[in-house]
Amino acid sequence: MGKVGAVILAAGLGKRMKSDVPKVLHKIANKPMLQYVIDAVSPVVDGIIVVIGHKKELLEEYLRGKGLGWSVQEELAGTGDAVASAYSSLGGYSEVFILPGDTPLVTTDTLKGLKDKFYSSGADLVVGVFSPDDPSGYGRVILDTNGRVMKIVEDKDATEEQLQIRDVNAGMYMVRTRLLGEIIQRISNNNVQGEYYLTDVVEMLYNEGYRVESYRMEEVEAMGVNNKYELSVAYEILRKRKLHELMVDGGVIVVDPQSTFIDMDVKIGRDTVIHPFTFVEGKSVIGGRCNIGPMVRVINSNIGDGVLIRENCTLEDSVVRDEAKVGPFAYLRLGVVVKERAFVGKFVEIKKSTIGEGSKVPHLSYIGDAIVEEGVNIGAGTITCNYDGKKKNPTVIRKGVFIGSDTMLVAPVEVGKYAYTGAGSVITRDVPPYSLGIARAKQRNIKDWALRRKNK
Ligand code: UD1
Ligand code: MG
């Protein structure tokens, strides 16, 4: 067995999307549908070539740096032409998959099944076949008495009789690369659409005595997304699939799947409870025994074990370590690290800062560009004044510090270990370790002031 490649066809116009964005770059759960096909086939191949054409600059930009190859189809002259344009990139592969770029529901299991069929049957070509209730629009698959594929007739070219056939072509194939190369040169565009049909390869191979097998697959996996309604249908299916996998395979408790939105690449540990109206997005990872939500949004963040994220929090590109507590109403963004057993409470915004082990920011604070070491208590209403109008400046709060309520920490500034700041202080200079920094007007009480006011 040599190396196996995949050609993903993504040059088409996608007119029905009514969009300036190429069809295959439309996102489902924050991931382009092309990427779903790439992710599904990657585990069963050694390399991938994407055929691009329409809006190719945008596709190139997306594909760059991902370890994938691409080839450009100059003119969109049909699926046969698309494959021919990629052929020169396939030299290293003895077999190739050919897949459409707009079928985000196809799974690795199915592609593996197709591959197994290819090798176990000794086929030269395997065609993915399914039988929808309504076959219209698809190429009809004509099988011989041995269940081998004799030919595929496109909907527009089919006779009345052929149109009755329910077996249709999924547009997914595996084929010997060299054979494909020889035959693809010989297809013509002599058909109703004037296109070079990849499907013509089937009849040519069959007639020349090659073995063309079919592989049965579920209709849902072959579903192509052609407009924005179908995009939402695909999302609903993928969303349910992901929730099912999390609950059944992963042991995650999803209280209300109807109102829970979890992106495909998210990982969640067992016995974690996801409460309603919660969104977990991108490459987020959540450990076990956590309680998340209700009404929480976690974006590209990493949450440890036994973490509590209470209602109405947003976490973006942040890390929350084991047994920490966040919220309600907290916003963590841009590389925040909340360390073990720390607590970030009500109406607190934290940006680009580290909150040390067991430290507490319980209420109404803004902490930006700060390092807060372990065992620190930050009083309500504390603000790091990190921005001087030109640049962001750092604040350092050493271990065991007690920041009095409503302290303004005018950065750059450092509060030394075990020091205190007096409530309401505007701290503009460093506070040495073990000291009290106090910077506020001294109180004076004016005797009988209120009485005099009243008698005026
Ligand atoms: C194709 C099959 C049909 C099958 C159906 C399954 C052919 C001739 N027909 O029809 O038998 O039932 O898929 O969905 O192959 N593309 C290019 N360059 C082109 C034309 C298309 O890259 O010049 C790409 C498209 O972007 C798309 C894929 O190839 O990802 C399939 O093309 P499409 O036009 O959708 O083919 P269908 O008419 O649906
Ligand atoms: Mg199509």
Side-chain angles (χ1 to χ4, degrees), residues 6-17 19 21-26 32-38 41 49-56 58-59 63 70-87 97-106 125 127-132 134-142 149-158 162-163 165-173 175 180 184 187-204 212 214-215 217-227 230 234:
V7 179
I8 301 177
L9 306 183
L13 280 172
K15 237 189 224 155
R16 283 170 287 170
M17 274 296 187
S19 176
V21 177
K23 173 156 97 171
V24 297
L25 289 187
H26 277 76
M33 59 171 138
L34 173 62
Q35 191 63 46
Y36 284 84
V37 181
I38 293 169
V41 78
I49 309 290
V50 183
V51 179
I52 61 176
H54 178 63
K55 300 229 169 165
K56 63 173 195 288
L58 293 174
L59 266 302
L63 294 169
W70 61 83
S71 71
V72 176
Q73 187 187 11
E74 296 299 343
E75 233 180 284
L76 304 183
T79 48
D81 178 63
V83 170
S85 78
Y87 189 73
F97 278 93
I98 302 169
L99 303 170
D102 63 352
T103 51
L105 296 165
V106 69
L125 166 64
V127 181
V129 174
F130 66 105
S131 305
D134 175 13
S136 57
Y138 291 108
R140 305 300 200 283
V141 174
I142 299 174
V149 187
M150 296 171 72
K151 76 186 213 172
I152 296 172
V153 187
E154 287 309 294
D155 190 78
K156 290 186 174 127
D157 300 278
Q162 288 167 335
L163 286 175
I165 296 171
R166 289 257 321 278
D167 294 329
V168 302
N169 171 23
M172 302 183 188
Y173 321 82
V175 60
L180 173 72
I184 204 95
I187 59 177
S188 83
N189 60 353
N190 185 15
N191 53 52
V192 171
Q193 304 190 76
E195 285 184 6
Y196 293 91
Y197 290 165
L198 175 62
T199 43
D200 284 355
V201 164
V202 170
E203 188 177 6
M204 291 158 81
V212 187
S214 59
Y215 177 73
M217 48 192 286
E218 299 275 347
E219 176 176 1
V220 65
E221 295 205 29
M223 180 192 155
V225 171
N226 294 302
N227 58 44
E230 288 170 0

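Read the numbers this way: they start at 1 and go in the same order the structure lists the ligands and their atoms.
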What part of Glu195, side chain from CB on, backbone N/CA/C/O, both or neither, has a heavy atom under 4.0 Å from ligand 1?
neither
Which residue and heavy atom of the protein sit nearest atom 13 (O) of ligand 1, plus the separation:
Gly171 CA, 4.6 Å
Candidate pair Ile152 and Tyr197, rule side chain to side chain contact (heavy atoms under 4.5 Å, CB included), full reasoning:
CA-CA 10 Å; Ile152 296 172; Tyr197 290 165; over 6 Å; no
Which residue, Val201, Ile187, Ile98, Val175, forms the side-chain contact (heavy atoms from CB on, under 4.5 Å) with Val83?
Ile98
Would you say Gly224 contacts ligand 1, with heavy atoms under 4.0 Å as the rule?
no
Looking only at protein heavy atoms, what sits closest to atom 1 (C) of ligand 1 is Glu154 OE1, 4.5 Å
Considering distance alone, does some N or O of Gln73 sit under 3.5 Å from an N or O of ligand 1?
yes
Quick check: does any side chain N or O of Asn227 sit under 3.5 Å from a backbone N or O of Arg16, one acting as donor and the other as acceptor?
no
What residue and heavy atom of the protein are closest to atom 15 (O) of ligand 1, and at what distance?
Thr79 OG1, 2.7 Å
Just to confirm my output: which protein heavy-atom neighbour is closest to atom 35 (O) of ligand 1, and how far is it?
Asp102 OD2, 4.9 Å
Taking the side chain as every heavy atom from C-beta outward, state whether Pro135 and Ile165 have any pair of such atoms under 4.5 Å apart.
no
Between Met217 and Met172, does a side chain to side chain contact (heavy atoms under 4.5 Å, CB included) hold up when you go through it step by step?
CA-CA 10 Å; Met217 48 192 286; Met172 302 183 188; 3.6 Å; yes
Got a second to check how far Lys15's NZ is from Asn226's CG, nearest 0.5 Å?
13.0 Å
Proximity of Ala82 to ligand 1 by residue part, where a heavy atom lies under 4.0 Å:
side chain
Which heavy atom of the protein is the closest neighbour of atom 14 (O) of ligand 1, given with residue, atom name and distance?
Tyr138 CE2, 3.9 Å
Donor-acceptor check, side chain of Asn191 to backbone of Glu195, threshold 3.5 angstrom: yes or no?
yes
Does any N or O in the side chain of Arg140 come within less than 3.5 Å of the main-chain N or O of Glu154, such that one atom is a donor and the other an acceptor?
no
Flag yes if more than 12 heavy atoms outside Gln193 fall under 6.0 Å of its CD atom; otherwise flag no.
yes
Around atom 26 (O) of ligand 1, find the nearest protein heavy atom and jot down its residue, atom name and distance.
Gly12 N, 2.9 Å
Nearest atoms (heavy-atom pairs only) where Val225 meets Ala234
CG2-CB, 3.8 Å
Report the part of Ala222 in contact with ligand 1, treating N, CA, C, O as backbone and CB onward as side chain, heavy atoms under 4.0 Å; options are side chain, backbone, both, neither.
neither
Starting from atom 27 (C) of ligand 1, what is the nearest protein heavy atom, named by residue and atom, and what distance separates them?
Leu9 O, 4.0 Å
Looking at atom 38 (O) of ligand 1, tell me if a protein heavy atom falls under 4.0 Å from it.
no
So Asn169 and Val202, do their side chains get closer than 4.5 Å, heavy atoms only?
no
Give me the atom names and distance for the closest heavy-atom approach of Val7 to Ala86.
CG1-CB, 4.1 Å
Close-contact set for ligand 1 against Leu76 heavy atoms, below 4.0 Å:
23 (O)
So which protein heavy atom does atom 12 (O) of ligand 1 come closest to, and at what separation?
Asn169 O, 2.7 Å
Evaluate Leu198 for polar contact with ligand 1, using N/O atom pairs at a separation under 3.5 Å.
no
Within the structure, does at least one protein heavy atom fall under 4.0 Å of atom 9 (N) of ligand 1?
yes
Assess whether side chain to side chain contact (heavy atoms under 4.5 Å, CB included) is satisfied between Tyr138 and Asp155, documenting all intermediate values.
CA-CA 6 Å; Tyr138 291 108; Asp155 190 78; over 6 Å; no
Element-labelled atoms of ligand 1 that are located less than 4.0 Å from some non-hydrogen atom of Tyr197
8 (C)
From the candidates Gly80, Gly78, Gly139, Gly128, the one that places a heavy atom nearest atom 20 (C) of ligand 1:
Gly78
Does the protein put a heavy atom under 4.0 Å from atom 30 (O) of ligand 1?
yes
Looking at ligand 1, is there an atom of it that comes within less than 4.0 Å of some heavy atom belonging to Val168?
no
Ligand 1 contact by Gly101, heavy-atom criterion under 4.0 angstrom
yes
Using the rule given for side chain to side chain contact (heavy atoms under 4.5 Å, CB included), can you reason through Val41 versus Val106, listing the C-alpha separation, both sets of side-chain angles and the distance that settles it, and then say yes or no?
CA-CA 9 Å; Val41 78; Val106 69; over 6 Å; no
Just let me know how Lys23 lines up against ligand 1, side chain, backbone, both or neither, with a heavy-atom cut-off below 4.0 Å.
neither
